[in-house]
**Q** 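Before I ask anything, here is the structure I am working with.
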Amino acid sequence: MRNVYPTHQTLSLTQARRIIDAALAYAASEAMNPITVTVMDTSGHPLSCDRADGCATLRLAVAHGKARAALGYGVSSGTIGQRNESRPAFLSAVAAASQGEFIPVAGGVLILDPQERVIGAVGVSGDSSENDEKAAITGIEAADLGVGLAPKD
């Protein structure tokens with residue numbers, strides 16, 4: 001007998017695990033440094049996270065910050081950094097306001113539904129930012145979901 005109401009979830013644990021497994025497999029196939037991958041729902045709470053053997057412990061916080069940055073701004077964490085390269089004081093202020101949960105470098109990618117609505121985000125940390133982003137994209141695509149870097153319009 002159910003004694004609570006379940007919440008409506010648009011991104012499942014199964015999808016989150018598929019994203020993580022594919023990102024980790026991609027990193028291994030490309031001989032990347034060990035990575036950590038986190039998948040968050042739209043509220044910025046982790047659905048699941050994992051790290052490869054040998055990955056440094058702070059990588060989880062960095063992956064988390066990349067995903068939270070993407071969710072907070074509605075574009076990838078790398079796009080945020082690129083758009084604000086000449087505004088380091090602004091980026092520092094946002095990082096402080098978010099209590100350190102804002103890392104504007106590539107590796108945080110939005111997860112989109114078929115209507116291009118945000119249903120979550122992936123954060124990856126452990127290798128170069130460019131490679132982290134590639135692992136995140138590979139994971140999202142493996143789950144048959146949309147990749148959100150920046151709107152084309």
Side-chain angles (χ1 to χ4, degrees), residues 6-7 9-113 118-150:
T7 58
Q9 232 177 302
T10 55
L11 184 62
S12 71
L13 179 60
T14 299
Q15 290 169 310
R17 290 303 314 167
R18 191 172 298 136
I19 291 167
I20 291 169
D21 291 344
L24 289 169
Y26 173 82
S29 74
E30 296 295 311
M32 289 171 52
N33 291 325
I35 62 170
T36 293
V37 184
T38 188
V39 176
M40 295 184 169
D41 62 19
T42 55
S43 66
H45 290 93
L47 285 173
S48 189
C49 56
D50 219 335
R51 64 181 183 172
D53 291 341
C55 194
T57 58
L58 279 178
R59 294 299 181 183
L60 178 59
V62 175
H64 183 91
K66 289 179 179 184
R68 289 290 302 259
L71 286 169
Y73 270 78
V75 295
S76 73
S77 58
T79 299
I80 296 165
Q82 289 171 351
R83 288 181 179 175
N84 292 286
E85 284 179 346
S86 64
R87 301 172 64 197
F90 171 75
L91 293 177
S92 293
V94 174
S98 70
Q99 299 171 345
E101 293 187 350
F102 175 83
I103 299 180
V105 296
V109 179
L110 296 169
I111 305 166
L112 307 177
D113 69 9
V118 176
I119 59 172
V122 179
V124 177
S125 179
D127 203 274
S128 71
S129 295
E130 180 181 312
N131 285 341
D132 291 347
E133 183 173 270
K134 287 177 184 176
I137 290 169
T138 298
I140 294 168
E141 290 174 343
D144 295 321
L145 294 166
V147 172
L149 297 175

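Atoms considered below: every heavy atom in the structure, side chains included; atoms not considered: hydrogens, waters and symmetry mates.
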**Q** Within a strict 4.5 Å, meaning less than it, do heavy atoms of the Val124 and Val122 side chains meet?
**A** yes
**Q** Taking all non-hydrogen atoms of both residues into account, name the closest pair between Ala67 and Thr38 and its distance.
**A** CB-CG2, 4.4 Å
**Q** Is the shortest heavy-atom distance from the side chain of Ile35 to the side chain of Asn131 under 4.5 Å?
**A** no
**Q** Is a side-chain donor or acceptor of Ser77 paired with a backbone partner of Ala70 at a separation under 3.5 angstrom?
**A** no
**Q** What is the minimum heavy-atom distance between Asn33 and Gly126, and which atoms define it?
**A** CB-O, 3.3 Å
**Q** Is the shortest side-chain heavy-atom distance between Arg68 and Ser98 below 4.5 Å?
**A** no
**Q** Which heavy-atom pair separates Cys55 from Ser125 by the least distance, and what is that distance?
**A** SG-O, 4.3 Å
**Q** State the CG-OG1 distance between Leu24 and Thr36, to the nearest 0.5 angstrom.
**A** 8.5 Å
**Q** Hey, what's the ring geometry for Tyr73 with Phe102, parallel, tilted or perpendicular (30° and 60° as the breaks)?
**A** tilted
**Q** Please list all pairs passing the side-chain hydrogen bond (donor to acceptor under 3.5 Å, both in side chains) test where one or both residues lie in residues 85-97, with sequence neighbours left out.
**A** Asn84-Arg87
**Q** So, Gln15 versus Ser12: side-chain donor-acceptor pair below 3.5 Å or not?
**A** yes
**Q** Any idea which heavy atoms bring Gly148 and Leu112 closest together, and the distance?
**A** CA-CD1, 3.7 Å
**Q** Can you tell me how far CD of Glu101 sits from CG of Leu71, rounded to the nearest 0.5 angstrom?
**A** 11.0 Å
**Q** Just so I know, are the side chains of Val39 and Leu11 near enough to count as touching, which here means a heavy-atom distance under 4.5 Å?
**A** yes
**Q** Considering all heavy atoms of both residues, which atom of Val118 and which atom of Thr42 are nearest to each other, and what is their separation?
**A** O-CG2, 3.4 Å
**Q** What pairs of residues pass the salt bridge (Lys or Arg N to Asp or Glu O under 4.0 Å) test when at least one of them lies in residues 121-132, not counting sequence neighbours?
**A** Lys66-Asp132, Glu130-Lys134
**Q** Show the nearest heavy-atom pair for residues Ala61 and Ile103, with the distance to one decimal.
**A** O-CD1, 4.1 Å
**Q** Should Ile19 and Leu145 count as side-chain neighbours, where that means a heavy-atom distance under 4.5 Å?
**A** yes
**Q** Under the criterion side-chain contact (heavy atoms from CB on, under 4.5 Å), I'd like the reasoning laid out for Ile80 against Leu91: C-alpha separation, chi angles, the key distance, then a yes or no.
**A** CA-CA 9 Å; Ile80 296 165; Leu91 293 177; 4.2 Å; yes
**Q** Determine which pairs satisfy salt bridge (Lys or Arg N to Asp or Glu O under 4.0 Å) with at least one residue from residues 36-60, sequence neighbours left out, and list them in order.
**A** Arg17-Asp50
